[in-house]
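The structure under discussion appears below in the form of structure tokens.
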Amino acid sequence: PKVTYKAPEPRGEHYFAESFDRDTLDGWVMSIAKKEDTDEDIAKYDGKWAVEEMRDSKLPGDKGLVLKSRAKHHAISAQLLRPFAFTTKPLIVQYEVNFQSGIDCGGAYVKLLTQTPDLDLAQFVDKTPYTIMFGPDKCGEDYKLHFIFRHKNPKTGEVEEKHAKKPDADLRTYYTDKKTHLYTLVLNPDNSFEVLVDQTVVNSGNLLTDMTPAPEDWDERAKVQDPDAAKDEDAPAQIADEAAVKPEGWLDDEPEYIGDPDALKPDDWDEDMDGEWEAPQVPNPKCESAPGCGEWKRPMVDNPNYKGKWKPPMIDNPNYQGVWKPRKIPNPAFFEDLQPFRMSAFNAVGLELWSMTSDIFFDNFFITDDRNTADRWATEGWALKKSAESAAEPGLATQMLSAAEERPWLWVVYVLTVALPVVLIIVFCCTGKTRRRVAFFFFFFFKKKKTNKKKKFYKYKSGRKALHYRRRALPFRCDDTTEQLSGLPGEGGAAAQRAGFRRIT
């Protein structure tokens with residue numbers, strides 16, 4: 001069924017709602033700043049943004065914010081309706097992302113910009129203070145889903161970034177399937193948090209216990225390679241075959257290729273410009289009747305003494321410090337914050353990104369303190385996209401063909417899956433041996449009724465063998481040459497006739 005698009009309408013308590021269906025960037029500010037500590041030619045935030053439909057949109061009329069440039073810095077932001085203060089209500093942040101061209105190296109995360117007196121959205125850069133950073137990020141085969149919050153020490157004023165633990169879920173599909181995914185962050189006043197993708201929890205924890213990484217320079221390797229170890233030998237993987245003998249008639253003095261004796265120097269050849277003319281090389285005709293020409297070399301064979309690529313043995317790490325735990329020392333800056341949820345208020349949302357892939361599609365940003373309101377916004381926005389994308393998905397046969405184009409070995413699986421059962425059916429149904437099995441089938445299901453008549457003997461004949469049975473035996477036979485039937489009474493006889501049996505009189 002066709003899905004018709006209708007722009008979501010923000011209802012209930014919310015701090016920010018943007019669906020881009022007005023086809024404008026009104027309310028958004030593009031940064032004109034330069035990034036510090038960066039080469040001048042790439043320091044400017046001059047990446048392009050646009051409001052447009054997805055390239056392969058399944059919902060005509062549904063527009064979003066698209067990052068249009070590759071290998072450039074992008075920064076754009078917008079003010080909230082009012083600042084969000086972390087008090088007694090939860091924070092819910094959600095938005096949609098579609099990597100229309102896949103993603104090689106780049107991010108699609110949002111920053112909730114800290115409320116400060118000097119916040120200037122036109123000067124939004126990577127060092128602009130933020131309270132929370134949340135969203136997908138990928139480079140190479142490293143798939144991340146960030147949740148970072150900045151925590152300020154009330155004694156020293158220093159700000160430290162706290163990173164959530166890495167999700168246990170496999171995130172790869174969200175970056176490669178070119179579908180629209182809904183990213184949601186839920187922070188609760190009891191310090192618990194949830195990270196959801198497509199309304200499914202992929203990470204959760206507590207701000208007090210699941211946010212502090214170990215120092216980057218801490219050495220937790222119990223074993224390291226022995227730096228003093230040396231190879232015991234340098235045996236090559238292959239050696240010359242000492243048992244090989246040069247074939248008789250080998251022409252050592254004849255080159256494998258010679259100048260073409262029939263070739264002529266072109267009339268327009270200029271030796272000053274083109275150099276000395278040489279005839280093109282052709283196979284030496286003397287080598288055609290000989291086992292070979294030129295210098296003979298022994299063929300190479302595998303070296304029985306080759307031990308493979310050498311690796312130094314592992315030894316106890318002299319620098320091993322054990323599994324890292326922070327040392328307990330008196331801390332002059334010590335303070336105990338049992339409510340990390342009460343972060344710095346924020347009053348703007350922004351995207352500050354670098355990407356090697358263009359056409360990243362963003363849509364339906366929503367910030368609220370009510371879970372039901374967020375779910376209703378997702379139902380009217382993302383759920384509609386999901387329904388349209390599902391309705392447009394190809395059938396099973398098309399998906400199988402597409403999969404086989406990417407993985408040709410699947411054709412072997414398809415052929416075996418279809419052909420093997422057909423072959424087995426033919427073998428099972430059409431061989432004489434199987435017909436004997438069918439005969440026994442009829443023997444058990446169509447037994448002759450008991451009578452007071454004298455016992456008779458019947459025989460089942462197939463090829464050179466003849467099996468004799470008493471009255472209960474099968475009263476017909478399979479004739480592989482004529483398949484004629486006669487005198488078969490009742491349902492059993494009709495079934496036997498269809499199977500190619502006839503009574504033996």
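- Remark: A50 engages E52, K68 in a side chain to side chain contact (heavy atoms under 4.5 Å, CB included) (not counting sequence neighbours).
- Using a distance-only test at 3.5 Å, with no hydrogens or angles considered, no donor-acceptor pair links the side chain of H151 to the main chain of F149.
- In this structure, the side chains of I132 and L187 come closer than 4.5 Å at one or more pairs of heavy atoms.
- Taking each heavy atom of F346 and L113 in turn, the nearest pair found is CB-O, 3.0 Å.
- Checking T114 against S344 by side-chain atom types alone, no donor-acceptor pair falls below 3.5 Å.
- Side chain of K165 to main chain of S204: a donor-acceptor pair is present (N/O by atom type, distance under 3.5 Å, no hydrogens or angles).
- Separation of the H74 and W49 ring centroids falls under the 6.0 Å cut-off.
- By the neighbour-count criterion of 12 heavy atoms within 6.0 Å, atom CD of Q339 is densely surrounded, having more than that number from other residues, nucleotides or ligands.
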(Q) Determine whether F86 and T131 satisfy the following criterion, side-chain contact (heavy atoms from CB on, under 4.5 Å), listing intermediate values before the conclusion. (A) CA-CA 11 Å; F86 293 86; T131 299; 4.0 Å; yes

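- When all heavy atoms of F366 and P10 are compared, the closest pair comes out as CE1-CB, 4.1 Å.
- Using a 4.0 Å cut-off between charged nitrogen and carboxylate oxygen, E13 and K89 do not count as a salt-bridge pair.
- Side-chain contact between K111 and F134 is absent, with no heavy atoms from C-beta onward closer than 4.5 Å.
- In this structure, V29 and F124 have side chains that are not in contact, with every pair of non-hydrogen atoms separated by 4.5 Å or more.
- Applying the side chain to side chain contact (heavy atoms under 4.5 Å, CB included) rule to I148 yields the partners Y130, M133, H146, E161, H163; only residues at least two apart in sequence or on another chain are considered.
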(Q) Between H14 and F16, is the side-chain contact (heavy atoms from CB on, under 4.5 Å) condition met? List the steps. (A) CA-CA 6 Å; H14 65 278; F16 188 79; 6.0 Å; no

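- Here the shortest heavy-atom pairing between S19 and P8 reads CB-CG, 4.0 Å.
- One finds a salt bridge joining K385 and E96 here, because a Lys/Arg side-chain nitrogen approaches an Asp/Glu carboxylate oxygen to under 4.0 Å.
- Put simply, CZ on F99 and CG on D104 are 11.0 Å apart, with the number rounded to the nearest 0.5 Å.
- Using a distance-only test at 3.5 Å, with no hydrogens or angles considered, a donor-acceptor pair links the side chain of D21 to the main chain of K63.
- In plain terms, the two heavy atoms of N364 and W382 that are nearest each other are ND2-N, 4.2 Å.
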Q.
Go through it in stages, so that I can follow the logic: the residues are F362 and L353, the test is side-chain contact (heavy atoms from CB on, under 4.5 Å), and I'd like the CA-CA distance, side-chain angles, deciding distance and then a yes or no.
A. CA-CA 13 Å; F362 300 87; L353 307 170; 3.7 Å; yes

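- Ion pair E160/R150 not flagged as a salt bridge, since none of the NZ, NE, NH1 or NH2 atoms sits closer than 4.0 Å to an Asp/Glu carboxylate oxygen.
- The aromatic rings of F365 and Y95 sit parallel, their planes meeting at an angle under 30°, below the 60° perpendicular limit.
- Rounding to the nearest 0.5 angstrom, the gap separating the CD1 atom in I360 from the CG atom in N98 is 10.0 Å.
- Heavy-atom neighbours of K144 NZ from other residues, nucleotides or ligands within 6.0 Å: at or below the threshold of 12.
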Q | Test side-chain hydrogen bond (donor to acceptor under 3.5 Å, both in side chains) applied to T173 and D177, step by step | A | CA-CA 6 Å; T173 303; D177 62 4; 5.9 Å; no

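- Across all their heavy atoms, T184 and V186 have their closest contact at CG2-CG2, 4.1 Å.
- Atom OH of Y183 is separated from atom CG of D198 by 7.5 Å, given to the nearest 0.5 angstrom.
- With values rounded to the nearest 0.5 angstrom, N203 atom CG is found 7.0 Å from D168 atom CG.
- Panel note: side chain S387, backbone A383; a donor-acceptor pair is recorded below 3.5 Å.
- Looking only at distances, a side-chain donor or acceptor of D370 sits under 3.5 Å from a matching main-chain atom of T373.
- Looking at T417, its side chain does come within 3.5 Å of a backbone N or O of V413 through a donor-acceptor pair.
- Atom NZ of K386 is surrounded by 12 or fewer heavy atoms from other residues, nucleotides or ligands within 6.0 Å.
- Here the CG-CZ distance, from L207 to R342, works out to 13.0 Å after rounding to the nearest 0.5 Å.
- Screening Q100, E389, K58 for a side chain to side chain donor-acceptor pair (under 3.5 Å) involving T180 leaves a single residue, E389.
- Between T209 and N191, every side-chain heavy-atom pair lies at or beyond the 4.5 Å cut-off.
- A donor-acceptor pair is defined here as one N or O able to donate and one able to accept, closer than 3.5 Å; such a pair exists between the side chain of E53 and the backbone of G61.
- Scanning both residues, P304 and I239, for their nearest heavy atoms gives CD-CD1, 4.3 Å.
- Shown here is D142, whose CG atom has more than 12 heavy atoms of other residues, nucleotides or ligands within 6.0 Å.
- A donor-acceptor pair under 3.5 Å is absent between the side-chain atoms of Q94 and the main chain of I367, judged by distance alone.
- With values rounded to the nearest 0.5 angstrom, N347 atom CG is found 5.5 Å from L119 atom CG.
- The side chain to side chain contact (heavy atoms under 4.5 Å, CB included) search around R22 returns E18, T24, not counting sequence neighbours.
- Between Y15 and D369 the shortest side-chain heavy-atom distance falls below 4.5 Å.
- At least one side-chain heavy atom of L145 sits under 4.5 Å from a side-chain heavy atom of V197.
- L185 is not listed as a side-chain neighbour of E194, based on a closest heavy-atom distance of 4.5 Å or more.
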(Q) Could you go through Y45 and V125, starting from their C-alpha distance and side-chain angles, then the distance that decides it, and tell me whether this counts as side-chain contact (heavy atoms from CB on, under 4.5 Å)? (A) CA-CA 8 Å; Y45 282 88; V125 294; 3.6 Å; yes

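- Within the 4.5 Å cutoff, no side-chain heavy atoms of S77 are placed close to those of L351.
- Looking only at distances, a side-chain donor or acceptor of K138 sits under 3.5 Å from a matching main-chain atom of I103.
- Although no hydrogens or angles enter the test, the distance criterion places no donor-acceptor pair under 3.5 Å between the side chain of K34 and the main chain of E36.
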